[in-house]
**Student:** 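Dropping a structure here in structure tokens format, bear with me for questions.
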There are 2 protein chains.
Amino acid sequence: MTQMTIGRLSKAAGVKVTTIRYYESIDLMGEPDRSSSGQRLYGDEAVQRLSFIRHARDLGFPMEAVREMIDLQTQPDQDCTAVDAIAREQLADVRKRLTQLEALEAELKRMITCCEGGRVDTCRIISTLNDHSECIADAHERLSTF
Amino acid sequence: MTQMTIGRLSKAAGVKVTTIRYYESIDLMGEPDRSSSGQRLYGDEAVQRLSFIRHARDLGFPMEAVREMIDLQTQPDQDCTAVDAIAREQLADVRKRLTQLEALEAELKRMITCCEGGRVDTCRIISTLNDHSECIADAHERLSTF
DNA sequence: CTTGCCTCTATAGTCGCTGTAGACTGTAGG
DNA sequence: CCTACAGTCTACAGCGACTATAGAGGCAAG
Ligand SMILES: [Zn+2]
Ligand SMILES: [Zn+2]
Ligand SMILES: [Zn+2]
Ligand SMILES: [Zn+2]
């Protein structure tokens, strides 16, 4: 049962050292053991935990959802419907964003094909940006950040 | 030629008062006239300018691109290829994100259908999140923020 | 005149990290 | 042993694109 320093953990999990400490500070990672001189020492379960977090974050799960799923894992004998619900919510979110992005793509494409070169003051891209009312109604709303 | 206060401009353009002041502070909006008591006074061109900014931002154009396009509008007799290039770049960006999101959607869908209910410790959603190596290789990378 | 909303400036907070400074620790070579 | 150098520690500042707050002053209607 060897313990590893934060640097080794960082490499093992593909998560930066500073980020690991940050996760600890926001209580996503529990407090690790410490060496006599105060350095953090981790076991293999820390790699697992970090992979879980990174994978979920890469899939776009919000921090809060990650936290909930981690909490749920501490009660392994419970029903997993809660996990399921979180994942479904995330899927719905991704789909919403897809729809939005598709509308954006359409409008950008239209803008670009409308511009046939020429001077800035007659450019269709500029004029479209100046006047949203020309747009397909509600084709795009303010974009949610992802 | 009536001038309006920042509150009226805010309503006319659908941009919050604080955001207008913020845009001024980062030099996206020029300094407006002031009343004798120091209140900002705007003309109609400010509404236009704000609409332009909002529309571009809603379409996902980065701040820097918006700034460039505004600068280009000050030289209306120039060739609009620069505008075109910025829009094409933005389109490419949107398409990249679309691809990424589609991959995400696929993986989330797969995760969810794999889970057939049961206990947390055997849940396929959890186990998939714990072990990325099960994933379709490189199906998703760290998500760029939008 | 008072009420109530508007505007002003300056500053801090948001999220999810990332980077820095300045001090200490651990290890390998000479 | 000494010296280098890489790793680690804490604490705090910075990012982008706003948003919110505090505390002061302005303006029009009743
Ligand atoms: Zn053009
Ligand atoms: Zn539009
Ligand atoms: Zn499940
Ligand atoms: Zn995956």
Side-chain angles (χ1 to χ4, degrees), chain A residues 2-29 31-42 46 49-50 52-70 90 93 141-146, chain B residues 2-29 31-42 46 49-50 52-70 90 93 141-146:
Chain A
T2 46
Q3 308 239 93
M4 58 189 131
T5 63
I6 198 170
R8 282 182 194 290
L9 173 61
S10 168
K11 270 181 194 134
V15 175
K16 294 197 177 153
V17 169
T18 40
T19 307
I20 297 173
R21 287 197 279 247
Y22 168 69
Y23 286 161
E24 184 186 327
S25 80
I26 61 168
D27 295 319
L28 267 188
M29 303 284 291
E31 296 191 4
D33 293 344
R34 298 275 185 155
S35 73
S36 54
S37 62
Q39 300 198 349
R40 290 169 178 81
L41 293 175
Y42 298 91
R49 166 68 59 97
L50 280 175
F52 182 89
I53 296 173
R54 278 293 8 137
H55 198 180
R57 296 286 299 137
D58 288 354
L59 284 165
F61 282 91
M63 222 60 176
E64 234 358 88
V66 175
R67 197 185 293 277
E68 282 172 40
M69 290 192 291
I70 286 174
Q90 177 57 17
D93 214 65
E141 298 165 14
R142 198 150 307 187
L143 221 47
S144 45
T145 45
F146 202 36
Chain B
T2 46
Q3 309 240 93
M4 58 188 132
T5 62
I6 198 168
R8 283 183 193 289
L9 173 60
S10 167
K11 269 180 194 134
V15 176
K16 294 197 176 149
V17 169
T18 40
T19 308
I20 297 173
R21 287 197 279 248
Y22 169 69
Y23 285 161
E24 184 186 327
S25 79
I26 60 168
D27 295 318
L28 266 187
M29 303 284 293
E31 295 191 5
D33 293 346
R34 297 276 185 155
S35 75
S36 54
S37 62
Q39 300 198 349
R40 290 169 179 82
L41 294 174
Y42 299 91
R49 164 70 60 100
L50 281 175
F52 182 88
I53 296 172
R54 277 295 5 137
H55 197 180
R57 296 284 301 135
D58 289 354
L59 284 166
F61 282 92
M63 221 61 175
E64 234 358 88
V66 176
R67 195 185 293 278
E68 282 171 39
M69 290 192 292
I70 286 174
Q90 178 57 15
D93 215 65
E141 299 166 14
R142 198 152 306 187
L143 222 48
S144 46
T145 45
F146 201 34

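Each chain gets a letter, A, B and so on, in the order the sequences are listed, and its residues count up from 1.
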**Student:** Could you work out, with side-chain hydrogen bond (donor to acceptor under 3.5 Å, both in side chains) as the rule, every residue matching B:Thr5, not counting sequence neighbours?
**Tutor:**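 Testing B:Thr5 for side-chain hydrogen bond (donor to acceptor under 3.5 Å, both in side chains), a comparison that skips the adjacent residues, returns none.
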**Student:** Of B:Glu64 and A:Arg8, whose nearest nucleotide on DNA chain D comes first from the 5' end?
**Tutor:**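 Residue closer to the 5' terminus by nearest nucleotide: A:Arg8.
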**Student:** What is the separation between atom CG on B:Leu41 and atom P on D:dG26, rounded to the nearest whole Å?
**Tutor:**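 Interatomic distance, CG of B:Leu41 to P of D:dG26: 15 Å.
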**Student:** Who passes side-chain hydrogen bond (donor to acceptor under 3.5 Å, both in side chains) against A:Asp27, sequence neighbours left out?
**Tutor:**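 Not a single residue meets the side-chain hydrogen bond (donor to acceptor under 3.5 Å, both in side chains) criterion with A:Asp27.
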**Student:** Below 4.0 angstrom from OP1 or OP2 of D:dA17, is there any side-chain N or O of B:Arg67?
**Tutor:**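 Checking D:dA17 against B:Arg67, no side-chain N or O comes under 4.0 Å of OP1 or OP2.
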**Student:** Which whole-number value in Å describes the distance from B:Lys16 NZ to C:dT14 P?
**Tutor:**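 Whole-Å distance recorded here is 16 Å.
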**Student:** Base, sugar-phosphate alone, or nothing: which one does B:Arg54 contact when heavy atoms must sit under 4.0 Å apart?
**Tutor:**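 Sugar-phosphate, backbone atoms only, no base.
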**Student:** Over how many whole Å does the gap from B:Ile53 atom CD1 to D:dA17 atom P extend?
**Tutor:**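 Interatomic distance, CD1 of B:Ile53 to P of D:dA17: 13 Å.
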**Student:** Is there a side-chain contact between B:Asp33 and B:Gln3 in this structure, where contact means two heavy atoms from C-beta onward sitting under 4.5 Å apart?
**Tutor:**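 Contact flag for B:Asp33/B:Gln3 side chains = yes.
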**Student:** Any side-chain N or O of B:Arg40 less than 4.0 Å from the OP1 or OP2 oxygen of C:dC8?
**Tutor:**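 B:Arg40 to C:dC8 OP1/OP2: side-chain N or O found under 4.0 Å.
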**Student:** Measure the CE-CG distance between A:Met63 and A:Leu28 for me, rounded to the nearest 0.5 Å.
**Tutor:**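 Here the rounded value is 5.0 Å.
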**Student:** Write down the distance between CE (B:Met29) and C1' (D:dA17), rounded to a whole number of angstrom.
**Tutor:**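 B:Met29 atom CE is separated from D:dA17 atom C1' by 16 Å.
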**Student:** For residues 17-27 of chain A, which residues have at least one heavy atom under 4.0 Å from DNA chain D?
**Tutor:**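 A:Arg21 - these, ordered by number, are the residues of the stretch whose heavy atoms sit under 4.0 Å from the strand.
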**Student:** Which whole-number value in Å describes the distance from A:Glu31 CD to D:dC9 P?
**Tutor:**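 It works out to 13 Å between those atoms.
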**Student:** For B:Ser36, give me all partners under side-chain hydrogen bond (donor to acceptor under 3.5 Å, both in side chains), at least two apart in sequence or on another chain.
**Tutor:**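 With neighbours one apart ignored, the set is empty.
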**Student:** To the closest 0.5 Å, what do you measure between CE (B:Met29) and CD1 (B:Ile70)?
**Tutor:**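 Output value for this atom pair is 8.5 Å.
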**Student:** Sub-3.5 Å donor-acceptor pair from the side chain of A:Gln90 to the main-chain atoms of A:Leu59, do we have one?
**Tutor:**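 A pair under 3.5 Å: yes.
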**Student:** Could you name each residue pair satisfying side chain to side chain donor-acceptor pair (under 3.5 Å) that touches residues 15-26 of chain B, not counting sequence neighbours?
**Tutor:**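 The answer is B:Tyr23-B:Arg54, B:Glu24-B:Arg40.
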**Student:** Would one find a side-chain N or O of B:Thr5 under 4.0 angstrom from OP1 or OP2 of C:dC6?
**Tutor:**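 Answer is no, no contact under 4.0 Å.
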**Student:** Tell me the closest heavy-atom pair linking A:Gly7 and A:Val17, and the distance in Å.
**Tutor:**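 Distance-wise, the nearest heavy atoms are CA-CG2, 4.1 Å.
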**Student:** Round to a whole Å and report the spacing from CG of B:Leu50 to P of D:dC18.
**Tutor:**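 Rounded to whole Å, this separation is 11 Å.
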**Student:** Atom CZ of B:Arg57 and atom P of D:dA17: how far apart are they, to the nearest Å?
**Tutor:**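 Taking CZ of B:Arg57 and P of D:dA17, I get 5 Å after rounding.
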**Student:** Can you tell me how far P of C:dT7 sits from CG of B:Asp33, to the nearest Å?
**Tutor:**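 It works out to 16 Å between those atoms.
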**Student:** Produce the list of close N/O pairs, under 3.5 Å, pairing protein atoms with atoms of nucleotides 27-30 of chain D; give distances to one decimal.
**Tutor:**
| residue | atom | partner | partner atom | Å |
| --- | --- | --- | --- | --- |
| D:dC27 | OP1 | B:Ser37 | OG | 2.9 |

